[in-house]
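Single-structure report; data block below.
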Amino acid sequence: MKMWSGRFTKELDSSINDFNSSISFDHVMYHEDIQGSIAHATMLGKCGIIPIDDMEKIIQGLKGILADLESGALQFDFTAEDIHMFVEQVLTERIGDAGKRLHTARSRNDQVALDLRMYLKKQLILVYDEVHKLLDAIVAKAKDNLYSVMPGYTHLQVAQPITFAHHLMAYAQMLARDLDRLNDCYHRMNYSPLGSCALAGTSYPTDREYVAELLGFDGVMQNSMDGVSDRDYCVELASCISLIMTHLSRFSEEVILWCSCEFKFVELDDAFATGSSIMPQKKNPDITELIRGKTGRANGNLVTLLTMLKGIPLAYNKDMQEDKEAIFDSIETVKLCLSAFTPMLQTMTVKTENMRAAAAKGFINATDCADYLTKKGTPFREAYKITGQLVRHCIEKGLTLETLPLEEYKQFSDIFEADLFDAIDIQNCVAQRTVIGGPAPEAVKVQIAELEGRIKMLDTQR
Ligand code: ARG
């Protein structure tokens, strides 16, 4: 029998009961539901809304339910409407009439809004910690590869030489912004909706701020209609997760390329790669492909949430029950992907000699050749044109800029001297780029130190 059955003459159709029920996915919030109810009951007792005796019975009863759920002595009833109804039902069965007083000055509308915020706050911190672990792994790899020269690309065409450390640190910067965004999201979601009740607050002398404080919120939501119908925090968290997944997906795409025999910049550890059922030679980067694929789920969840919200009038509507599966899936997906990616990165071998050899191809130092002329007074556009002609000349003769003799250079400009070969030496090309944010080992060391400081700051704001 439903708790709300008073107004009805028939039992709910059993298939509609299944259709309506959310306990199959919202049972994960049992801890938050019980914790929220304990705080609510404490407030009701303190404010004289229910007798202290009943308050104590409720709190003891709820603690018992929590312990039994955790030990397995109590199982979820998957025919219940949702986790909130389930807990209240068990409580009333166990402690009798006192249990019926728990829902005074509360609605499931503010209850679910509270539980979801608390659950997402907890999950957000778990996601933060996983991103942090990956960041630490990236920084450690970068420190080992400050001098590992590799080609930098634009349009996937060889562009200018960089180092593997520099390349890795670009991802560290993205993930550091992700941590910052997660913190930001946490602080905005950290306001308690409890006390908004169904939509219009209550006439009982409740103390919303007291409950908020008991539950570790920064304050209370200031409008009861907004309190029950706001799901911005789900959208924001889903969006943070979509970006994390996007960053992981881009990184994954590069790892996939780097593993190919055309690149061979890295080799995955055997424990983090898979074979083929027919081709004996294959070693496939499945982890990264799955991450690239799963990014679609995260983006889908974000669109699900935005679309679910866009047309519903204030305040609560049942559409909002659809929030949970979407955001829970994004959370589980990103945690899973991060926990697979980090050890894969930590254990992969970097083939520095292949990176270095690839950097010697494709006239990667052409910009530096033009810069050489520019630094000796030739206007950059003129230097650019001369270097373009030199590259074409080298291609025709099957030479590189390093192997073309100085006499031939001089046919294009008499400014060229023997010091040119130092200027276009690939190691030097990298070492000269000491500008803030550049790939020179000295500049990357500065970048790493700055990032480590920033992350420490973010950790304290968490
Ligand atoms: N299971 C519901 C949800 O997740 C709880 C809120 C139900 N409120 C209501 N008025 N039916 O949204």
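What you see is a predicted model, and the numbers here were worked out from it, not measured in a lab. Any value given below was found using the heavy atoms of this structure, including those in side chains, with hydrogens, waters and symmetry copies removed.
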Is there a donor-acceptor contact under 3.5 Å from the side chain of S21 to the main chain of A80? yes
Would a distance-only check, ignoring hydrogens and angles, find a side-chain to backbone donor-acceptor pair under 3.5 Å from E289 to E253? no
Do you know the tightest heavy-atom contact between N428 and D422? ND2-O, 2.8 Å
Taking the six-membered ring for Trp and the full ring for Phe, Tyr or His, determine whether the centres of [X] and [Y] are under 6.0 Å apart.
X: F86; Y: H27; value: no
X: F412; Y: H393; value: yes
X: Y186; Y: Y128; value: no

How would you list, by chain and number, every residue that makes a salt bridge (Lys or Arg N to Asp or Glu O under 4.0 Å) with K122, sequence neighbours excluded? E32
Does K385 qualify as a cation-pi partner of F380, given the criterion of NZ or CZ under 6.0 Å from the six-membered ring centre and within 45 degrees of its axis? no
Using only heavy-atom distances, determine whether the side chains of N284 and T274 contain a donor-acceptor pair under 3.5 Å. no
Salt bridge flag under 4.0 Å for residues E442 and R433: no
In the structure I gave you, are the side-chain heavy atoms of Y409 and D414 within less than 4.5 Å of one another anywhere? no
How are the rings of H167 and Y171 set to each other: parallel, tilted or perpendicular (split at 30° and 60°)? parallel
